[in-house]
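As the structure is a prediction and not an experimental result, all values here were calculated from the model.
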Amino acid sequence: MSTDASPHPTPGLDDPGAVSTLGTLLVAAGYTTDGLKERLGIDGELHARASDIPVHLQRVSEGQPLDTLIRLFFLGDQVSWQDAAAALPGLDPDRLAAAGVLEAPGDDVRATVRLVPHKEVLVAYEPNDEPPEGSHLLANMTVRMHFVSALHAEAATGMHALLAARHTDRAVAVEADAQALTLIRLGGLLNALDNLEAVEGEDLEPVAGHSYGLIVASPSRVLSPDEDERADTRCRELVKAVASHLSEGGFAHILVTWVLGTGEDWWAPLEQWVAGTGCDALLLLEREDDPAGYAAAHADPSSLARWTGFLRDLAADRVASGAIVLRRRSRGTNWARHEVVPEAEIGPAGDQIVRTFVNHDLLASLPTEDQLLDEVLALVEPQRIEQIWRHKDEGMELESARARLEWGFGFSVGVDAYTIELLARVDGRRRLRDLFAEIARESQLEEDSVARAGLPAVRRLLELGFLARAS
């Protein structure tokens, strides 16, 4: 592997055909998320930390075309011109060198960019760079329905703009850094996306006066003593700005960091941020750290005391990280709900986000909770119920049970025996009132008491997306 630390040239866009062909050949060779994970033995998020690269290089040493491409574009290794040509049939490496995507130190070639597959797209980074913290959470929680237009604010290398361009008529990425803009445009060519526009500018000034059906914002959210502007201040301002650019009924997804005082509920500051935006809001907590823990996660050992002192000067009892999902709704009273993101790996959750907003609309529209009894509900699959039984003198007794979603956020909720009975009967045809009446008859209990005891559980199952209004 090369140890040359000289700066790489900026990739050029003078030969777009060569870059587009490169993207096609990479995918055809299996240079995809699943392909790289399988070949490199990676479980979880796709990454190549410096400490892992020697092991990865051993795993791709067989000289197969995919091995060569992984070494070249993912691990940053040098390969021979002949091996590069063999791995890219029909594409002369000299064309890529002329375009600035490869450079040729001696008889070998090496990439000037790092190409990381994410879902259906290839994303271009500076050599040795990794996807920013939170990128996978943000991508998985983004609503993937069709939109006329999408905006990626503070786009960096534009992963979310590339993903959005696949399900929108037009996607715009706004970024202030010229090198990052080149990488975004390179990504557009690699993925054959002719509906992606990369715009240079600070904040959202380049798109003033425009609105979008989908907005994704991935600001730098590390609260550091070395930054001129506090990350939490920047996040708060960005939430307000993004909301003002959101079309009626559109969704926005924003990564955020915020400071919590002693005894402060984690969602309280975020509720203030979204108040008055004309949007409903789902507030999501990813993690909380005390000042020492936060400093240890982000600073080098020599700076720990300075970082911890900086956070304590802010009166930070904890530093929280998470996300805000907004949906613009101008009619009626806007609502805000909050949930903690499970620690388990998050899968695609866009449909779950939409269902959560629809269910909260339903709950907010009911003058009394009793009116929920007249709703016809359906189960959302896949989900499972996990039960723990304990042996007693009289036999087996149900100690606890949880319903768990097997997709998206993977929320879980504790359920009792009667809620389990209810979930077994929900069929998308009968009213909730009738289901509770059936359970009451079979259990020889009063119908009204069964219904009143069960309604809070139903409400919670709706809030988390286990149930939905039957179509």
Report yes if some heavy atom in the side chain of F409 is under 4.5 Å from a heavy atom in the side chain of V340; otherwise report no.
no

Would you name the heavy atoms of A156 and E175 that are closest together and state the gap between them?
N-OE1, 2.7 Å

Please work out which of the three classes, parallel, tilted or perpendicular, describes the rings of H360 and W335, given edges at 30° and 60°.
tilted

So for atom CD, which belongs to E343, do other residues, nucleotides or ligands contribute more than 12 heavy atoms lying within a distance under 6.0 Å?
no

Which pair of non-hydrogen atoms, one from D226 and one from W307, has the smallest distance, and what is that distance?
OD2-NE1, 4.1 Å

Enter the distance from R114:CZ to E126:CD here, rounded to the nearest 0.5 Å.
12.0 Å

Can a donor-acceptor pair be found, under 3.5 Å and without considering hydrogens, that links the side chain of Y294 to the backbone of L311?
no

Check whether any side-chain heavy atom of D203 sits under 4.5 Å from a side-chain heavy atom of R234, and report yes or no.
yes

Any salt bridge linking R39 with E62? Criterion: basic side-chain nitrogen under 4.0 Å from a carboxylate oxygen.
yes

Between S20 and L189, is there a donor-acceptor pair closer than 3.5 Å when you use the side chain of the first and the backbone of the second?
yes

side-chain contact (heavy atoms from CB on, under 4.5 Å), that's the test. Do V259 and R230 meet it? Break it down for me.
CA-CA 10 Å; V259 171; R230 282 175 44 178; 4.2 Å; yes

Roughly how far apart are L88 CG and L69 CG, rounded to 0.5 Å?
5.5 Å

Mark yes when over 12 heavy atoms from residues, nucleotides or ligands other than E38 sit less than 6.0 Å from its CD; otherwise mark no.
no

Kindly compute the distance separating CD1 (I215) from CG (L204), expressed to the nearest 0.5 Å.
7.5 Å

For the CG atom of L138 and the CE atom of M159, what is their distance to the nearest 0.5 Å?
9.0 Å

Decide if atom CG of D317 counts as having more than 12 heavy atoms of other residues, nucleotides or ligands within a radius under 6.0 Å.
yes

Assess the residue pair E369 and R460 against the criterion (salt bridge (charged side-chain N to carboxylate O under 4.0 Å, His left out)); give the C-alpha distance rounded to whole Å, side-chain angles, the decisive distance to 0.1 Å, and a yes or no.
CA-CA 12 Å; E369 194 168 70; R460 187 61 179 147; over 6 Å; no

Between S224 and H298, is there a side-chain heavy-atom distance shorter than 4.5 Å?
no

Considering all heavy atoms of both residues, which atom of A231 and which atom of L223 are nearest to each other, and what is their separation?
N-CD1, 3.7 Å

Are any non-hydrogen side-chain atoms of W266 and L283 less than 4.5 angstrom apart?
yes

Does N195 reach the main-chain N or O of A165 with its side chain, forming a donor-acceptor pair under 3.5 Å?
yes

Taking C-beta and beyond as the side chain, do P342 and F411 meet within less than 4.5 Å on heavy atoms?
yes

Between F251 and F147, what is the ring plane arrangement, given parallel below 30°, perpendicular above 60°, and tilted in between?
perpendicular

Could you give the distance from CZ (R95) to OG1 (T21), rounded to the nearest 0.5 Å?
6.0 Å

Side chain of E227, backbone of E229: donor and acceptor closer than 3.5 Å?
no

Measure across Q383 and F466 and return the closest heavy-atom pair with its distance rounded to 0.1 Å.
NE2-O, 3.1 Å

Side chain K240, main chain T277, donor-acceptor under 3.5 Å:
no

Drop me the distance from R221's CZ to C235's SG, to the nearest 0.5 angstrom.
8.0 Å

Test item: H160 side-chain N/O and A217 main-chain N/O as donor-acceptor pair under 3.5 Å
no

Spell out, as yes or no, whether a donor-acceptor pair under 3.5 Å connects the side chain of R185 to the backbone of A198.
yes

Could you walk me through whether R110 and E103 pass the side-chain contact (heavy atoms from CB on, under 4.5 Å) check?
CA-CA 6 Å; R110 65 182 176 190; E103 58 180 352; 2.6 Å; yes

For the side chain of Q352 and the backbone of A349, is there at least one donor-acceptor N/O pair under 3.5 Å apart?
no

With D280, which of R337, R328, R327 fulfils salt bridge (charged side-chain N to carboxylate O under 4.0 Å, His left out)?
R327

Taking C-beta and beyond as the side chain, do E120 and N191 meet within less than 4.5 Å on heavy atoms?
no

Backbone of L362 reached by a side-chain donor or acceptor of S365 within 3.5 Å:
yes

Does a side-chain heavy-atom distance below 4.5 Å link L102 with F73?
yes

Check whether any side-chain heavy atom of H253 sits under 4.5 Å from a side-chain heavy atom of L214, and report yes or no.
yes

Trace of the side-chain contact (heavy atoms from CB on, under 4.5 Å) decision for D94 with W81
CA-CA 9 Å; D94 288 340; W81 189 99; 3.0 Å; yes

Looking only at heavy atoms, what is the nearest atom pair of Y125 and P132, with distance?
CE2-CD, 4.3 Å

Correct closest heavy-atom pair for L46 and T33 would be CD2-CA, 4.4 Å

Can you name the one residue among T182, L183, L190 that meets side-chain contact (heavy atoms from CB on, under 4.5 Å) with V113?
L183

Chi angles and distances behind the side-chain contact (heavy atoms from CB on, under 4.5 Å) call for L186, T157
CA-CA 9 Å; L186 188 69; T157 54; over 6 Å; no

Would you find a donor on one side and an acceptor on the other, under 3.5 Å apart, between the side chain of S247 and the backbone of Y212?
yes

